[in-house]
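Have a look at the structure below, then the notes.
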Amino acid sequence: MAEEHYLELSENPVQFEHASSVNNVFFDEANKQVFAVRSGGATGVVVKGPDDKSSVAFRMDDKGEVKCIKFSIGNKILAVQRTSKSVDFINFIPDYPHTEFTQECKTKNASVLGFCWTSWNEIVFITDQGIEFYQVFPDKRSLKLLKSQSINVNWYQYCPETAVILLSTTVQGNVLQPFAFRNGTMTRMTKFEIELPVVPKPAKLTLSERDIAMATIYGQLYVMYLKHHSRTVNSPGAEVVLYHLPREGACKKSHVLKLNTTGKFALNIVDNLIVVHHQSSQTSLIFDTRLKEPDCAVNTHQPVLPARSIHPYRIPLSGPAAVPSQPPVPCQLYSSSWSVFQPDIIISASEGYLWYLQVRLPPTVHLLQDKGKLMDFLLRRRDCKMVILSVCSQILDGQEKGSLPVVATVFDKLNQVYKEYLEAEQSYTAAMESGPSRGGGAQKRPVRTQAVIDQSDMYTHVLSAFTERKDVSHKFIIAVLMEYIRSLNQNQITVQHYLYELVIKTLVQNNLFYMLHQFLQYHVLSDSKPLACLLLSLESTYPPAHQLSLDMLKRLSTANDEIVEVLLSKQQVLGALRFIRSVGGHDNVSARKFLDAARQTGDQMLFYTVFRSFQQRNQRLRGNPSFNPGEHCEEHVAHFKQLFGEQALMKPTTV
Amino acid sequence: MLMISPKMASGAQDKQYTPSLLSFFIYNPTFGPREGEEEKKILFYHPSEIEKNEKIRNVGLCEAIVQFTRTFCPTKPAKSLHTQKNRQFFFEPEENFWIVMVVRNPMIEKPNKDGKPPTIEYQEEELLDTVYGAVVRQCYSMYKLFNGTFGRVMESGGVELLIQKLEKFFYRYLQTLHLQSCDLLDVFGGISFFPLDKMTYLKIQSFVNRVEESLSLIKYTAFLYNDQLIWSGLEQDDMKILYKYLTTSLFPRHSEPELAGRDSPLRPEVTGNLLHYGRFLTGPANLKDPEAKFRFPKIFVSAEDGYEELHLIVYKAMSAAACFMISANVELTREFCEQLDGLVGPQLTLLASDICEQFTINRRISGPEKEPQFKFIYFNHMNLAEKSTIHMRKTASVCLTSVHPDLMKILGDINCDFARVDEDEEIIVKAMTDYWVVGKKSDQRELYVILNQKNANLIEVNEEVKRLCATQFNNIFFLD
């Protein structure tokens, strides 16, 4: 059976000392750091971040149980909450005083629920009665209140990517008030209400912090609400409801993800996919909000793929205790000790691991039968290129060979993305050329994602090998190539000549010259010098290729020299002469070349005619019929004299 | 516009007769070499009511002429015999099989006074050997398309079968020969291609490939629009004759009832939920008819090893026609035809309207003022492409030209001159009644232009033709 686990834990997890009675573990979503605090910090605090640079170890005085501990951005200042009234600060900037300083919350009788750093020196306290926005002055060891807002808060969530804090307010907790922070300012965004499945009587806190998560998906901020199945409403299962939270304007319910089951769930976002973990079945589902569901109501989504568990993970034994022969221990997935953080973090505090959740694309190929949908899915993924190219190869041969309409759909989808990129690139170049002063000048160079599969990718990885295959009928090969060319044309993308060469090669190998002729006749294979030369080389096997090639050179209108060469090589000296005259190139052309060709024919009259024609040209240009020494025609002048006598030469006219 | 003949105008009482078919026969001298067995040589004779001895005499005469001329050039015996009243054309398509066509020269009947019988004046030099020689060859090609070679029939059923086949085929075919309207185009036997933009062409390619993929029985496909070819999966020589059949026989037969409004075939078919206008031009007229027969004409085309026999399915939706060719070894069933109808009908209908739309757009872009005011015939030997602004739309019965037959004959004469040499040539002829006729040959292409310009001189005519080439043929290598 093919590999089906499309989710996996990162290979190199962040390891830390697991939680115990003497070791408390904290996680900071903003810096993605794990804090292992031993004995309140007295015997050491070990901070492990996603890379070694953000890992720190230090000691601090044990002043009571630590409730929350976080570095400001860039590890400049450490904030530690030990009581419900205040937060302590320690400078980590070299040369600044290291003694702790404390800030109590401003609101009387309020208790601090937590705090969030929004920059290297700006911090927000969230209390049960509102929020307080401070600036920290590490040198003065003091804080300045920038802004505050009173509001009853049940709980809060923070999205570090967008610096948005979401507060749960009202008795039921389902009215959410977001605040955005940027450069010392605090903006109150529009509040919104989450529709609860059941309204409790009497009113009590119903919306749990666990059922809400914030994340950016496709560059937009969403609030995700895990709506549990309610027994009173006859619904088939739980749902995830997505509320789109724009920077400005009202929040809107935008997507509903159908989970089709009930139980305990957790959410992650990986590569713009919403991953829903289901604990009791030990499986996960993925949803793509951009994938259109034809058979569903607007913005209602079914899982993209059938539920599968995360790829089995083995904990490598490392350190001095590791014995080479000892096999790695399988890790228990979906453990109840797991904590899930946004966007893609899974922490097992009891084992001391932090993993990043990852999507593996190859298994999706077999799980998603609809190739069009598969392409839509793959094209939006980060590391999609090689998988897409392998899908292309798969649908062209082997057991999973697709029909032409399927092939066409896949090509169309690829080229749609390719075209969008080319257009963006084009308008960027145009904007750059018109000067940065105009049009704002702030236009960013378009990013070429892996989803941009261009003609050379297709040629190198798919088509070139495909046309070499002996077990595929040439009819199908040609049909596929034409389908790709059609798709490129449909998207107004200029087709590269090597694709045409592939078509020609295939046709020639199968003796299908008449087909080739028809393609050229309708200019399906666009004109280019390389193509014209290729056609010339086919003349011996297919004589009409000569005419096709000349026509092409003529249309190019930049290949007059080549046309003359072709005609001269065919001993059509007069034709060449007439042609060069008709395009006005007669004056600059090399007389020697024509005389050589004329002499080679052995036709004396032809030689006479050509010779006289050039004498006339010389007369017209220089007032003298003789050839310049630089033209190297002495040999031909002698030949002419020998054939026709001295007197046949044109004499200089005297005025 | 039919020109009035100057000769007709001169004598109001004169009666003009166009060339007509006197006789047409096929013989093989090896079938009755002994005296008294001469009749066995004759495989087909039209008109059949001619007395046996006269048939034998005529065949004998032809045999003698061919034999006699062979003494001068063994490889190239006589191709035609000119006499005062008629002209005979000889053609040996397969070894020892001879086809002879006798055409009566055109003539003018002048009434005489005093009750004397009218004088008949034969116009001996009016007929062109190239034109009628081509007609004979075409007769054979058409026969071969539907029956295969004479030799093949001989192998499968002997002389009896061959005689039967010839009788069956030529009895009908000769009635469709219109010798009075044969001209240069018959010499070329060209194919008119439908002008089309690249994208629409690729869509048609895509359609053909998809149909061939899903109905894998189909071996070859040809696609036509407005009686003009767009795509041929057949080789050129086979397509040439099939094209001739389609455009001069099959399509006109079906378009005439359409034009007349009889049995209005443009009733859309509903397959599933798709509306389409597709219908079979060969095979079953109505798929829903429980009595419908699923028999299609069979054709013979060249294959790697001799010939292959194919069913010819012609399916049309609006102006688009697709020919599907399937090996004759396969029996075609109702299911297959229904499947084809369901698959091709909707797609072809859509394509037809696409092509029509593109065509109208292109015409609007090029503008009506760019429509050629020139009368010309163009032919390319390489792809058999022909284009004529002289000929009107062909119908089953007549082929109308817009110029006087005398001018057409000049075109034919120039063509003969071109055929004699290999070099590029240009011939300019001043015809009577202010017409100039220009013939140009460049590599494998020939162009004939008829200009009607009063008092134009040679230089002006030359300039005019250059202009035509620049506007009409600027995308090909055509030497001025």
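- At a 4.5 Å heavy-atom cutoff, the contact between Gln518(A) and chain B is made by backbone and side-chain atoms alike.
- Within the 4.5 angstrom heavy-atom criterion, no atom of Ser214(B) approaches chain A.
- Between Tyr307(B) and Phe300(B), the gap from one ring centroid to the other reaches at least 6.0 Å.
- The distance between the ring centers of His517(A) and Phe519(A) does not fall below 6.0 angstrom.
- Cation-pi geometry between Lys401(A) and Phe476(A) is satisfied (NZ or CZ under 6.0 Å from the ring centre, within 45° of the ring normal).
- Heavy-atom pairs under 4.5 Å with chain A peak, among Asn380(B), Asp197(B), Val208(B), at Asn380(B).
- Within the 4.5 angstrom heavy-atom criterion, atoms from both the backbone and the side chain of Gln444(B) approach chain A.
- At a 4.5 Å heavy-atom cutoff, the contact between Leu234(B) and chain A is made by backbone atoms alone.
- Here the shortest heavy-atom pairing between Gly190(B) and Phe379(B) reads CA-CE1, 3.6 Å.
- Both the backbone and the side chain of His523(A) come within contact range of chain B, judged by heavy atoms closer than 4.5 Å.
- The backbone N or O of Phe376(B) sits less than 3.5 Å from a side-chain atom of Thr389(B), completing a donor-acceptor pair.
- Between chain B and the residues Ile563(A), Val524(A), Leu548(A), Val407(A), the largest count of heavy-atom pairs under 4.5 Å involves Val524(A).
- For Ile485(A), the parts sitting under 4.5 Å from any heavy atom of chain B are the backbone and the side chain alike.
- Both the backbone and the side chain of Gln236(B) come within contact range of chain A, each with at least one heavy atom under 4.5 Å from a heavy atom of that chain.
- When ring centroids are compared, Phe614(A) and His586(A) come within the 6.0 Å threshold.
- Here the two rings, on Phe359(B) and Phe194(B), have centers that are under 6.0 Å apart.
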